Amino acid sequence: MAEARGHHEPRTFLGRYIFSRDHKIIGIQFLFTGLFFLLLGGLMALVIRWQLAWPSDETHPLPLLAKWYGWEGGHMPPTFYLTLITMHGSIMIFFAITPIVIGFLGNYLIPLQIGAKDMAFPTLNMLSYWVFFVASVCMILALIFGAGAGWTAYPPLSVVATPSIGQDLWILALALMGVSSLMGAINYVTTIIQLRAPGMTWGRLPLTIWGLFYTAVLNLAVLPVIAAGLFLLLLDRWGTSFYIPEGLIVNGQRLDQGGGAVLLYQHLFWFFGHPEVYILILPVWGVVSELLAVFSRKPAFGYKATVICMGIIVGLSLIVWGHHMFTAGMAPMLSKTFMTLTTLISIPSAVFFLNWLGTLWKGDIHLTSPMLFTLGIVFVFAIGGLTGLFHAAEAVDLYVHDTYFVVGHFHYTLAASVLFGSIASIYYWFPKAFGRMMNETLGKWHFWLTFIPLQGVFFGMFIQGAHGHMRRIADPTLYDFLRPWQSYNVFITYCALALGAAQLLFVANFVYSLFAGRKAERNPWGATTLEWTVPSPPPHGNFEATPVIRRWAYDYSLPEAPRDYLVQTEDEVPVGAEVAAAQKR
Amino acid sequence: MQRRWLIPLATGTGAWTILAIAPPCWAAGGVKRVWWLPEDYSTTGYHFDNLFNIVLFETAVAFAAVVIALIYFVVRYRHREGHRAVYERGDRPIHLAITVTLALIVFIAIDMNIVHRSNVSLAEIAEQAPDPESAFVVFVTGEQFNWVITYPGTDGQFGTLDDIETRNEMHVPVGEKVLVRITSRDVIHSFNIPQLRVKMDAVPGMETRVWFEVTEPTKLELACAELCGWGHYMMKGRVVAESREAVERWLQEQEQFQEAMR
């Protein structure tokens with residue numbers, strides 16, 4: 001529990017806001033970059049939906065873009081569609097959600113919630129953002145040049161079929177993103193282990209910090225693997241053949257590469273790719289556990305069980321990747337192993353739900369906008385998690401694999417749960433980060449107008465997927481067995497447009513509150529964790545004096561306490577009374 | 001036994017009964033399509049549909065439990081003036097008991113149930129797989145953006161001069177096991193016929209296999225399920241299931257056509 005390496009408060013604008021080493025500014029940089037990409041990725045989703053609803057219907061030309069590019073009949077060429085689905089996936093996962101839930105929450109909250117002045121390595125932290133920034137520039141360039149192999153970028157397609165520089169840039173962007181995340185992860189792990197304030201034992205850490213800690217550990221475990229996999233892929237594009245088997249004939253030309261194994265990339269990719277979804281959702285589980293406690297005015301139910309189950313999931317996530325490859329021609333014995341291990345994930349997940357519902361039970365529930373989104377996560381993550389069982393069961397997955405059923409499943413976990421987690425966190429920590437409250441009325445409208453159409457969008461995908469609707473196809477009307485379901489595509493598109501429009505409320509609320517929101521006091525939510533003991537926004541160096549932690553993170557509604565929460569630094573209730581209360585229970 | 005143990009025990013047993021015993025009874029009753037699964041024309045497709053229905057049932061029960069509790073708690077324990085929450089950390093032995101009970105129910109009634117059924121179904125399908133020597137064998141090669149369908153011709157051997165090659169049209173006999181050997185000559189594709197519940201990747205440098213038996217004469221679509229480039233969406237084939245004689249006749253036509261082209 002050493003002191004943070006002190007660095008002086010920067011005086012210039014450039015030093016303070018651009019090349020800052022202050023964890024709070026870096027967190028906010030991640031937040032703004034992430035929100036920009038979230039809007040961009042969201043717009044792409046709407047364009048994709050438009051294409052799926054009216055793929056060859058000339059009465060519904062694509063607004064703006066069709067005129068801009070001068071497309072015949074008002075509809076995009078299939079190459080453009082391919083670029084769009086590739087970019088929507090990679091941008092949303094790596095450049096929208098990752099910077100918000102890991103970059104923003106991690107950087108902003110870790111030092112504040114554990115009582116540190118800054119991260120352990122402030123310069124590395126700044127470097128992490130700027131490498132991420134370069135990666136995002138590469139990604140935008142890839143979008144302009146066009147990269148089209150899906151976000152999974154399976155070779156040989158990613159090696160042979162897109163000769164443009166776009167695919168190289170795409171691979172480079174992802175590899176750089178990995179480097180940035182790795183720097184962040186080293187920083188998070190070191191900071192949480194080394195810089196906890198006196199008295200902040202592991203058992204007193206807020207659950208958000210636990211989630212972020214596990215995420216960082218998982219990042220350290222899997223990022224080197226995908227980085228290696230991506231560099232091999234890049235080399236394959238330049239002539240080596242790690243993934244290219246003998247004798248491929250592409251466009252009538254025989255490739256002179258040979259001797260590689262196609263499935264090797266899939267193993268490397270999913271060894272990273274499956275933990276990646278847990279990397280994204282672990283902080284959200286932490287946030288849910290924490291926000292449910294804050295707004296139920298009740299301790300986080302089963303704190304230890306939650307922490308242990310998060311750990312179990314971290315372990316399991318590393319050994320289940322093969323369930324993405326049931327149809328890939330993998331040995332059947334491997335499939336059985338992966339199926340069995342995958343289903344086990346449902347056990348710790350069930351415990352999360354028990355604990356979340358346990359927190360609500362006999363609580364004093366305040367339905368603020370962050371709480372509404374948190375309750376929304378419990379609902380959508382139930383759907384997202386449970387539909388995972390369809391994919392875990394090999395016999396079912398052989399049928400639903402690569403259909404919209406999968407798309408529905410991972411959008412319920414990522415687009416719904418993680419996105420709601422990001423939004424809930426923004427509503428909740430906005431007053432701390434910017435010193436002003438967000439508008440509650442708009443927030444509540446935003447929740448309902450997001451929650452309802454979202455079900456229309458993603459639940460509809462289960463119905464389509466069960467019917468066999470393939471994912472990543474640009475024109476479903478070509479297929480006789482899908483044509484009766486085309487009206488469903490139209491319905492989903494209308495819901496998606498409504499969902500997109502509702503986000504304008506959020507943008508308006510965010511921008512308005514940034515400049516004209518009600519001034520926030522130190523602790524507007526009556527929460528117990530350390531960030532609420534400092535001014536909003538916190539000054540450089542966070543704490544005037546190193547805080548001393550006297551209690552765990554969730555002392556809400558303690559019967560002896562004068563009010564319904566006790567901050568972690570408070571020692572108002574004599575120790576004896578707490579013991580007596582514990583015995584009375 | 002203490003009274004406080006009764007509630008978790010009773011709920012546990014109840015949930016157990018519903019999750020473990022009801023779906024098999026229900027599946028045995030021959031409920032084929034409760035969800036919007038497409039028509040099934042194969043002899044093996046019911047395995048997939050049954051397990052789909054079982055998983056659907058179990059997840060629906062679990063989901064209903066979560067949502068009912070969620071809504072009930074939010075309404076029942078919403079904020080009222082002067083009301084204070086109960087200080088409950090949820091770390092007493094009874095909570096451990098509830099957690100362990102829940103974990104066991106999930107493990108046995110859901111996880112192992114699903115794993116077991118999936119393994120049994122797939123083992124059964126694998127056992128019934130036709131013998132490559134005597135079965136009706138088709139060789140399917142994926143290429144951007146076509147399905148190349150190869151029949152062995154009269155000598156029954158692939159890779160000989162009398163092989164019959166067609167594009168995007170596959171005729172198979174009804175009521176006979178058809179073995180499909182799959183590969184690709186460029187990128188990964190996926191051989192996918194939803195109405196036969198068949199999906200297997202076409203991997204370059206490797207051969208994968210599936211088999212099916214069509215139950216009645218029909219025309220189906222063969223779609224590519226793995227992203228294979230800009231034309232992925234139009235990589236579509238036709239599967240015609242008809243009598244053995246009709247298939248032979250069609251093969252002869254193809255052969256004559258092929259001769260004429262030479």
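Values below: all heavy atoms of this structure, side chains included; hydrogens, waters and symmetry mates excluded. Everything quoted here is computed from the prediction, not taken from an experiment.
- Taking chain B as the reference chain and counting heavy-atom pairs below 4.5 Å, the highest number among A:Gly150, A:Ala305, A:Ala328 is found for A:Ala328.
- Among A:Ile383, A:Leu357, A:Ile345, the residue making the largest number of heavy-atom pairs under 4.5 Å with chain B is A:Leu357.
- Residue A:Thr152 does not touch chain B at all, counting heavy-atom pairs closer than 4.5 Å.
- A donor-acceptor pair under 3.5 Å is formed between the side chain of B:Thr208 and the backbone N or O of B:Asp201.
- When atom types are taken as modelled, the side chain of A:Thr342 and the backbone of A:Ala392 share no donor-acceptor pair closer than 3.5 angstrom.
- Ring pair A:Phe462/A:Tyr412: centre-to-centre distance below 6.0 Å.
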Might you work through the side-chain contact (heavy atoms from CB on, under 4.5 Å) test for A:Phe295 and A:Leu375, ending with a clear yes or no? CA-CA 10 Å; A:Phe295 293 108; A:Leu375 294 169; over 6 Å; no
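- In this structure, the portions of A:Ala350 lying under 4.5 Å from any heavy atom of chain B include both its backbone and its side chain.
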For residues 474-481 of chain A, dump all side-chain donor-acceptor pairs below 3.5 Å to protein atoms at least two apart in sequence or in another chain.
from, atom 1, to, atom 2, distance (Å)
A:Asp475, OD1, A:Thr477, N, 3.0
A:Asp475, OD1, A:Thr477, OG1, 2.4
A:Tyr479, OH, B:Tyr233, O, 2.8
A:Asp480, OD1, A:Arg483, NH1, 3.0
A:Asp480, OD1, A:Arg483, NH2, 3.1

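- For chain A, the option among B:Val115, B:Ile125, B:Val203 with the highest count of heavy-atom pairs below 4.5 Å is B:Val115.
- Using a 4.5 Å cut-off between heavy atoms, A:Pro299 contacts chain B through both its backbone and its side chain.
- A donor-acceptor contact shorter than 3.5 Å is absent between the side chain of B:Lys236 and the backbone of B:Leu222.
- Ranked by heavy-atom pairs under 4.5 Å with chain B, the list A:Met470, A:Met339, A:His366 is led by A:His366.
- The contact between B:Met200 and chain A is made by backbone and side chain atoms together, counting heavy-atom distances below 4.5 Å.
- No side-chain donor from either of B:Asn192 and B:His189 sits under 3.5 Å from a side-chain acceptor of the other.
- Both the backbone and the side chain of A:Glu394 come within contact range of chain B, with heavy atoms under 4.5 Å apart.
- Contact count versus chain B (heavy atoms, under 4.5 Å) is highest, among A:Leu360, A:Thr387, A:Asn251, for A:Leu360.
- When heavy atoms are compared at a cutoff of 4.5 Å, B:Glu226 approaches chain A by way of both its backbone and its side chain.
- The most heavy-atom pairs under 4.5 Å with chain A, out of B:Arg78, B:His83, B:Arg80, B:Glu221, come from B:Glu221.
- Heavy atoms of A:Pro155 lying under 4.5 Å from chain B belong exclusively to its backbone.
- The residue from B:Tyr87, B:Tyr77, B:Phe73 that alone fulfils the side-chain contact (heavy atoms from CB on, under 4.5 Å) condition with A:Lys362 is B:Tyr77.
- Only the side chain of A:Leu263 comes within contact range of chain B, judged by heavy atoms closer than 4.5 Å.
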Take B:Val148 and B:Arg185 through the side-chain contact (heavy atoms from CB on, under 4.5 Å) test and state the conclusion after the steps. CA-CA 10 Å; B:Val148 181; B:Arg185 62 178 55 145; 4.3 Å; yes
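- In this structure, chain A has heavy atoms under 4.5 Å from both the backbone and the side chain of B:Val86.
- Not one N or O on the side chain of A:Ser296 forms a donor-acceptor pair closer than 3.5 Å with the backbone of A:Ala293.
- In this structure, the portions of A:Phe390 lying under 4.5 Å from any heavy atom of chain B include both its backbone and its side chain.
- Looking at A:Trp356, neither its backbone nor its side chain comes within 4.5 Å of chain B, counting heavy atoms on both sides.
- Residue contact with chain A, scored on non-hydrogen atoms closer than 4.5 Å, involves the backbone and the side chain of B:Leu227 alike.
- Only the side chain of A:Gln266 comes within contact range of chain B, with heavy atoms under 4.5 Å apart.
- When the candidates B:Ile71, B:Leu96, B:Val198, B:Asn119 are compared by the number of heavy-atom contacts under 4.5 Å with chain A, B:Asn119 comes out ahead.
- Stacking of B:Arg89 on the aromatic ring of A:Trp552 is recorded, both the 6.0 Å distance cut-off and the 45° axial limit being met.
- In terms of non-hydrogen atom pairs under 4.5 Å with chain A, the most contact-rich of B:Met112, B:His232, B:His95, B:Arg84 is B:Arg84.
- Of all the listed residues (B:Ser121, B:Gly231, B:Cys228), the one sharing the greatest number of non-hydrogen pairs under 4.5 Å with chain A is B:Cys228.
- The candidate from A:Leu398, A:Ile473, A:Thr327, A:Leu248 with the greatest count of non-hydrogen atom pairs under 4.5 Å with chain B is A:Thr327.
- Contact of A:Val262 with chain B is made through the side chain alone, with heavy-atom distances under 4.5 Å.
- For A:Tyr243 and A:Tyr154, the ring centers sit 6.0 Å or farther from each other.
- Looking at B:Leu51, the atoms closer than 4.5 Å to chain A (heavy atoms on both sides) sit in the backbone and in the side chain alike.
- Heavy atoms closer than 4.5 Å to chain B are found nowhere in A:Lys304, neither backbone nor side chain.
- With contacts defined as side-chain heavy-atom distances shorter than 4.5 Å, the pair B:Arg238/B:Met170 does not qualify.
- Interface check for chain B: of the options A:Ser557, A:Gly358, A:Ser346, A:Pro245, the most heavy-atom pairs under 4.5 Å are formed by A:Ser557.
- No side-chain donor-acceptor contact under 3.5 Å links A:Ser241 to the backbone of A:Ile244.
- Not less than 6.0 angstrom separates the ring centroid of A:Tyr404 from the ring centroid of A:His467.
- The side-chain tip of B:Arg197 points at the ring of A:Tyr399 from less than 6.0 angstrom away and within 45° of straight on.
- A salt bridge links B:Glu207 with B:Arg209: at least one charged nitrogen is closer than 4.0 Å to a carboxylate oxygen.
- Contact of A:Leu255 with chain B is not made at all, since no heavy-atom distance falls under 4.5 Å.
- Chain A forms the most heavy-atom pairs under 4.5 Å with one residue out of B:Asp111, B:Val210, B:Val67, B:Val187, and that residue is B:Asp111.
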